[in-house]
Each structure stands twice: as C-alpha cells, then as structure tokens.
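Only one structure is covered here, and it is reproduced in the block below.
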Amino acid sequence: MAEYMILTEKKSAADNFAQALGGMSGSFDGHSYQIVHAQGHLMELAEPKDQVSNDLKDRYSSWEPENMPWNLADFSWKKEPTKGSNIRKLLSQIKKVSQSSQAIVIATDNDPSGEGELLAWEIINAIGWDGKVYREYHDDETPKSIVKAMRNLKDVSDQSQDGDYLKANVRSKWDFASMQLTRLATSYIRNAGYYVKVVNQGRLKSVMLSMVYQREQAIKNYVKKPYFEVKFQDDQGHVYARKVAKDDEEQLAKIRHSDKAMAEQELQQYQSPVHVKRLKMENKRNMPKTLLDLAKVDALLSKKGYSSNQIKNVYQQLYEAGYVSYPRTEDKVITSEQFNELVQNSKEIALLVGVNVKLLTHTAPRKELVKDSATHGANRPGSKVPASLDELGKALKNKNDLQCAKDIYCLLGRTALAILGEDYLYRVVTAVIEEYPAFGTQYNVPANYNYKQIYCEGELPKAPKPLGKQAKSIVAEGANPKPSKPTKAWLFKRLANYGKYGIGTGATQQSTMAELTSAKSNSHLLKDTKGVLSLTETGLMSAVIARGTMIASPKATEQLFRGMDAVGAFKLEPQKVLNSINTVITHDKPLLQQNMALVEQTIGKPEKKQYPKRDKVDVTYQGKPVQINAKWGEHTWTQGELTELSAGNTITFDYKKGQITGQLGEREYKGHKFIAFVPDFDKD
DNA sequence: GCAAGGTC
C-alpha cells in the first residue's frame with residue numbers, strides 16, 4: 001500500500017515526475033508513492049438528453065427553438081468517459097492503483113483557469129474515490145521544482161472547498177449550456193429553407209466569426225476620403241510634416257484639406273526652398289522578444305500555405321518524437337534550466353537552421369525572457385536535436401508533411417536562438433525644417449542587426465538615405481487608411497489582447513481555427529488563403545444571425561471569467577455564475593430570430609439555383625478518359641491546350657490581365673470528387 | 001450535429 005497516488009495530466013508529466021522522484025513508484029522523503037497519468041480530460045458532460053429524466057428526453061433532444069431556453073435545474077451534470085480508444089482502460093488503471101494507495105495527490109498542470117483541478121476531480125469522482133486528496137503546485141517540471149512542490153502539499157479533500165475546481169467546473173457547465181445557441185441558430189436557418197450542416201455559435205467561435213465579418217464589412221463599406229496636406233520634402237526624399245495625434249480630429253481638420261486648391265493656397269504662405277536642421281541622433285537598442293506561442297507559429301507559417309490543421313498535426317508529431325517542446329504551452333518565457341539546455345544545443349541547432357554560430361554570444365539569460373517559473377516553457381526546439389532536417393521525417397506519419405515539419409523546426413530554432421543574440425542597435429534621427437520647426441521627421445538607422453540576423457519577422461530594416469540639406473514645400477495627397485484584410489495573425493492578436501482575460505488560450509484558438517478552416521469539418525465556417533481569412537457561406541450566416549448578440553461579444557467571456565474569479569475566491573456561488581448563461585440565451589434568442597431578415601438580405605432567398613448545363617470536353621487523366629468543363633472562367637480550352645493537359649503537362653495561358661499556370665488534378669466539391677483544371681495558385 | 005477545455 002503506497003502512501004500517495006500521484007495523478008499527472010499527461011504521460012510526459014508523469015515521466016518528469018518519475019525522473020524527479022526516482023521512478024514511477026518508490027519512496028520520496030520517507031513517503032511511498034505510485035505515479036499515474038491522465039490524458040487531458042478523461043470525462044466530459046453527457047449529451048443533454050442523457051442528463052435529464054425520461055419524460056424530458058424528447059425536449060432536450062430537440063433543436064427546435066420552442067424547447068429553449070433550457071431549465072438548467074433539469075440537468076444532472078452527469079459525466080461520461082470521453083470518446084477515445086484507451087480512455088476507459090486508463091480510468092480502470094488509475095482506479096486500480098488508487099485502491100492500493102492511501103491518498104491521491106493532484107499533480108496536474110497548474111494554471112489559473114483551474115482546468116487541471118477540474119480534470120483531476122472528474123477522474124477522482126469517476127473512480128469513486130472518497131479518501132484523502134492533496135494538491136501540489138509545481139512551477140515547472142524540473143526535478144527541483146517537483147521535489148519542492150511535493151514537500152508542500154495542500155489538503156483539498158473536500159472538493160466543495162477547492163476554489164480552482166469550482167471555478168473550472170462552472171466554466172464547463174456554462175460553455176455546455178451555450179450550445180443552445182448553436183441549436184437555435186441552426187434551426188432558424190434550416191426552418192427558413194437554407195441547407196446547412198451546423199451554424200455554430202459559442203463564446204469563442206461566434207467572436208472569431210464576428211470579428212472577421214465586421215472587418216469584411218469595413219472593407220466593403222470603405223469610402224476613400226482623400227486629403228491634401230502641406231508638407232516639406234528634402235533633396236534625399238525625407239518628408240517633414242506637422243505632428244498631430246491620430247484621434248485629434250480638430251487639429252487634423254486644420255492641416256488636412258479635402259480640397260486640393262485650399263492646400264495649394266496654404267502652400268503660398270511658406271517660403272521654399274528651406275533648410276533642414278538635424279535636432280538629435282540617439283542611440284537605441286531592442287532586445288529579442290522572439291519566443292512564440294502556437295497561434296503565432298500558425299499565423300506565420302500560414303503565409304507559406306500550410307493549413308492550421310496541418311500545422312497542428314505535424315507539430316504534435318514532432319513533439320511526440322522529442323524534436324520540439326510542448327506545443328500547447330501558455331508560457332511566453334523559459335526557465336534557466338530550459339535556457340541552459342538551449343545554450344548547450346545552440347550550435348547544433350544553428351547549423352541545422354542556417355544560423356551563423358558567431359551570432360550566439362549572449363549566453364547570459366535576460367531576466368525578461370528567462371524566469372523562475374514556466375511549466376513547459378515557450379515553444380522552442382526540443383531536447384532531442386535531429387542530425388539533419390530530413391531526420392524529422394522519422395517522426396511523421398505522412399511523408400508529404402516533411403517540408404512543413406522542416407519549416408516548423410526552422411522557425412522554432414531561429415526564434416529560440418535569437419534570444420542568444422545581442423541587442424539590435426539603431427540610431428533614431430530627428431530633424432525639422434529650420435524656418436518652420438513645426439514640420440519634422442524621424443527615422444531609424446540600423447547600427448548592428450545582431451539578433452535580427454538570427455530571426456527577424458519580415459524584412460530586415462533598411463537604412464534610409466541621410467538627411468538632405470534643403471527642402472521644398474509640397475502638397476502631399478493622403479487618404480483615410482483602408483482596413484487591411486482579416487488574417488489569422490490579426491485575429492489571434494485581437495483574441496489574445498481583448499480585455500483583462502483575452503478569449504481562449506493560444507492553443508484553443510489555434511485548434512478552433514483548425515476546425516473552422518478545415519473543409520472536412522462540420523464547422524467549416526472560415527476559408528484560409530495563406531493566412532488571409534474569409535467567411536464561408538455558412539460562416540457568413542453564422543456571423544449575420546449573431547449580430548448584436550451577447551454570445552458574439554467578447555464581453556460574454558469577460559463576464560464569465562470575472563464570475564469564475566469570484567467563485568475561486570469563494571465570493572460568489574457557482575450557481576449564480578451558471579445562471580448568467582440563461583440571461584445570454586434569453587437575450588439572444590429573439591435577436592437570432594429577428595436577424596433572419598438580415599440573413600435573407602445578405603445571402604438571398606433560399607431558392608435552389610438552377611445552374612446552366614456546362615459544355616464538356618474529353619481529356620485523359622492518368623491514362624483514363626474523363627470530361628472537364630470546356631471553359632475555365634472565360635477561357636475556352638484550345639485543342640493544343642487539351643492535348644498538353646491530357647499528356648499530364650502544365651500549361652500557361654493568358655487570362656484577363658495576367659497569366660494562369662496549372663494542370664489537371666483532383667478536386668472536390670460538396671463531397672463529390674472529380675477531375676478538373678487546377679491552377680497553381682489553388683494547389684493545397 | 002451542438003461548447004470549450006484538456007489531450008494524442
């Protein structure tokens with residue numbers, strides 16, 4: 001009979017605990033122990049109909065609006081093992097080990113949301129344990145931290161007094177109850193005659209869609225408002241303007257003329273040419289802040305055309321093989337042990353990812369990047385360094401993922417090594433027009449790129465020309481800026497920075513993005529074109545029907561999380577926080593119904609469109625005769641092109657203002673596969 | 001079929 005059964009969140013954590021304590025079982029500080037591990041959540045809430053009494057099953061199976069809002073008092077909040085091959089086996093193993101233990105130690109990940117406590121208690125309740133339960137709080141998974149945490153156990157045997165569990169538990173019920181909004185939106189849209197799979201709504205999904213929708217609308221409604229402003233330009237091209245805060249409408253109105261003639265009139269007030277006067281030249285430095293979270297990795301690699309799904313899967317496989325660190329970390333920094341490992345491996349990694357080892361001179365940890373506490377540490381190369389980039393292929397199920405794996409490794413390698421580079425040094429030059437000192441300019445001159453030569457997002461900053469001596473007055477034309485297209489990077493950043501809490505963790509954002517952008521998913525609501533997002537038709541319906549709702553507002557998460565904080569501190573009953581979802585449903589249901597008018601306005605009436613039959617021509621694809629459309633857009637295939645395509649060759653033809661290159665390939669539309677001309681810009 | 005949160 002061991003004194004403790006130590007329950008970790010996942011296998012890798014169990015391995016680290018074993019390392020720290022001297023084996024998967026044994027004795028530590030005079031306490032005997034056995035280590036077991038979960039695999040994330042092993043339990044999840046049962047389907048709504050399986051949580052209510054028999055007479056209510058029909059009502060809670062239904063997606064029809066008349067059956068909502070739900071009465072949450074009808075729910076038993078029963079949990080079931082998650083679907084997965086080895087879940088039940090894991091549970092019974094844990095149960096068996098617990099039966100030969102005197103107490104359970106919760107050793108799951110220690111993060112402020114309480115998710116670790118929740119998944120531990122789900123298991124403890126599922127195995128029917130009612131003995132002693134302790135919690136340990138490790139800052140990271142180094143032996144030192146684990147040993148220290150295991151010497152400071154807290155008795156949490158009464159789960160109703162474990163604030164971290166209570167808050168995470170109410171979060172999970174709240175989110176579960178929010179699925180009513182998906183049922184409502186789906187039913188309203190289907191009942192109106194549109195064909196859709198599911199019109200998803202949720203406090204993360206709805207916000208993501210709403211943000212993309214609003215940006216698409218802003219681009220559509222953008223009206224260019226040109227203005228004309230008097231500035232000076234020197235003989236080297238530097239422009240001197242009056243400095244006004246972006247939101248100071250009054251001052252802006254004074255210097256920006258909507259009428260060009262007015263600006264030209266103002267121009268007459270100034271003598272020209274005039275003289276340039278350099279005010280100062282300051283030396284400045286920036287230190288590397290390059291470690292990435294998963295969302296950022298996704299956003300950066302999207303530009304190369306990889307899907308969120310591919311990045312998620314390939315990254316996971318590299319992690320399981322030890323080539324990269326734990327993907328779903330929330331850490332933005334690393335510990336000194338993790339830093340030392342990076343320093344030790346730095347030369348090998350540098351050779352692999354093409355970094356000059358002479359740049360890796362900053363081997364003293366910077367206090368902003370290397371801290372005492374970081375469970376997994378920020379994303380970086382793993383402990384195992386491959387002998388070559390091709391070796392990464394050994395970790396992959398699908399060899400077609402090799403280039404993606406190499407790109408992930410190189411990005412992680414470069415961003416991690418950059419923290420071993422010296423600060424970027426540059427000079428800030430400030431100058432004004434001597435005769436009119438209100439007109440000024442400022443620019444940076446790189447002095448030493450240092451860490452930026454190891455990793456730099458985008459292009460290295462270039463040195464502008466030196467200041468000129470003389471400047472002439474000009475009328476410069478400008479305009480209100482057009483909103484840029486919604487990208488993954490833009491969306492992730494907005495989600496992370498919203499309010500006090502942000503919305504979703506980096507890992508959840510990334511996996512939700514993978515779900516929403518995957519054509520195979522039931523929730524294919526976003527299209528991803530090299531990181532640029534657009535709404536699919538269902539995505540557009542989902543965003544439009546949710547206009548003005550609470551679920552599509554980031555405030556829903558903010559309120560929920562504020563409530564969770566209060567629950568964790570025993571200042572608020574969990575029931576009160578859970579009830580707030582009723583307010584959301586009651587508020588949003590009539591809005592969803594009203595917004596159907598907007599859906600019809602946006603999408604058009606749900607009529608079955610009659611597509612004109614298209615002319616077909618015969619070609620050969622991989623030796624088999626097939627038919628393709630006789631036209632591609634407005635281009636009709638010539639006999640020569642058809643011969644080339646049939647031979648499996650790539651062809652190029654003029655189209656509108658440019659050229660199109662491509663060949664025959666497989667395409668899929670609404671589950672139906674066929675052969676068609678595939679332009680190179682469309683290839684996966 | 002649905003959420004969001006873990007995990008592989």
Side-chain angles (χ1 to χ4, degrees), chain A residues 8-14 37-50 60-64 67-68 70 79 81-87 90 108-123 167-187 189-190 196-208 294 312-321 326-330 375-376 395 397 495 503-513 515-516 521-525 538 542 551 556-557 560-561 564 581 584-585:
Chain A
T8 69
E9 185 149 327
K10 49 186 171 278
K11 187 173 178 307
S12 63
H37 69 84
Q39 204 171 99
H41 285 279
L42 300 187
M43 305 293 291
E44 65 189 350
L45 287 161
E47 295 210 355
K49 68 173 166 49
D50 296 330
Y60 286 97
S61 304
S62 163
W63 285 48
E64 288 306 321
N67 294 309
M68 282 165 270
W70 292 341
K79 293 194 174 179
T82 56
K83 283 138 199 97
S85 52
N86 58 340
I87 301 300
L90 256 179
T108 48
D109 290 359
N110 171 19
D111 78 273
S113 71
E115 215 58 38
E117 277 80 359
L118 175 60
L119 75 87
W121 277 111
E122 284 168 349
I123 294 165
K167 72 196 248 190
N169 196 34
V170 76
R171 196 272 315 142
S172 95
K173 290 179 183 178
W174 196 103
D175 283 331
F176 184 83
S178 75
M179 75 166 66
Q180 289 173 82
L181 293 156
T182 297
R183 290 186 173 191
L184 286 166
T186 306
S187 288
I189 285 184
R190 288 193 155 190
V196 284
K197 281 182 183 159
V198 180
V199 183
N200 303 262
Q201 304 293 345
R203 63 178 173 82
L204 177 57
K205 285 186 180 128
S206 301
V207 169
M208 289 171 75
L294 190 50
K312 177 171 167 258
N313 293 334
V314 173
Y315 206 131
Q316 174 68 18
Q317 290 169 54
L318 292 177
Y319 161 64
E320 284 169 27
Y326 181 66
R328 291 171 292 278
T329 180
E330 280 295 280
T375 306
H376 305 289
K397 290 178 216 149
L495 291 170
I503 304 164
T505 63
T508 305
Q509 290 161 8
Q510 202 273 340
S511 66
T512 303
M513 178 68 78
E515 184 193 342
L516 295 179
S521 141
N522 265 349
S523 337
H524 182 209
L525 306 187
T538 312
S542 177
I551 197 68
T557 291
L560 171 62
F561 281 25
M564 284 167 60
I581 185 63
V584 174
I585 309 288

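Everything quoted here is computed from the prediction, not taken from an experiment.
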Candidate nucleotides [options], ranked by approach to the side chain of [X] - the nearest:
X	options	answer
A/T505	B/dG6, B/dA4, B/dC2	B/dG6
A/T186	B/dA4, B/dG1, B/dC8	B/dG1
A/Y319	B/dC2, B/dG5, B/dC8	B/dC8
A/T182	B/dC2, B/dT7, B/dG6	B/dC2
A/R328	B/dC2, B/dG1, B/dC8	B/dC8
A/R190	B/dA3, B/dG6, B/dG1	B/dG1

Would you kindly give the [atom1]-to-[atom2] distance between [X] and [N], to the nearest whole Å?
X	N	atom1	atom2	value
A/I87	B/dC8	CD1	C1'	9 Å
A/K83	B/dG6	NZ	P	19 Å
A/Q509	B/dG5	CD	P	9 Å
A/M179	B/dG5	CE	P	14 Å
A/K205	B/dG5	NZ	P	10 Å
A/I581	B/dC2	CD1	C1'	13 Å
A/L118	B/dT7	CG	C1'	14 Å
A/K173	B/dG5	NZ	P	18 Å

Is A/S178 reaching over with its side chain to a backbone N or O of A/G202, donor-acceptor style, under 3.5 angstrom?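 No; judged by distance alone, with no hydrogens or angles, the pair does not exist.
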
Main-chain N/O of A/G506 paired with A/E330 side-chain donor or acceptor, under 3.5 Å: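 Judged by distance alone, yes, a pair lies under 3.5 Å.
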
Could you check whether [X] gets within reach of a base, just the sugar-phosphate, or nothing at all, counting any heavy atom under 4.0 Å?
X	result
A/G504	sugar-phosphate
A/Y60	nothing
A/N86	nothing
A/W63	base
A/K197	base
A/E115	sugar-phosphate
A/R171	base
A/T108	nothing

First of A/H376 and A/G202 reached from the 5' end of DNA chain B, by closest nucleotide: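 Its nucleotide being nearer the 5' end, the pick is A/G202.
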
Residue closer to the 5' end of DNA chain B, A/R183 versus A/E9 (nearest nucleotide):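 The residue mapped nearer the 5' terminus is A/R183.
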
Applying the 5.5 Å / 30° rule, does A/F176 stack onto the base of B/dA3?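 Stack criterion not met.
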
Parallel, tilted or perpendicular: which fits the ring planes of A/Y319 and A/Y326, with parallel below 30° and perpendicular above 60°?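 Aromatic pair A/Y319/A/Y326 classed perpendicular.
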
Taking only side-chain N and O atoms of A/T508, does any of them lie within less than 4.0 angstrom of OP1 or OP2 on B/dG5?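 So the side-chain polar atoms of A/T508 do come within 4.0 Å of the phosphate oxygens OP1 or OP2 of B/dG5, strictly under.
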
Atom CG of A/N169 and atom CD of A/E122: how far apart are they, to the nearest 0.5 Å?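 Those atoms lie 7.5 Å apart.
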
Does the distance from a Lys or Arg side-chain N to an Asp or Glu carboxylate O, for A/E115 and A/R171, drop under 4.0 Å?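 Yes, this pair counts.
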
Check the side chains of A/Q201 and A/S206 for a donor-acceptor pair under 3.5 angstrom, ignoring hydrogens and angles.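 Note: A/S206 and A/Q201 side chains meet the donor-acceptor criterion.
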
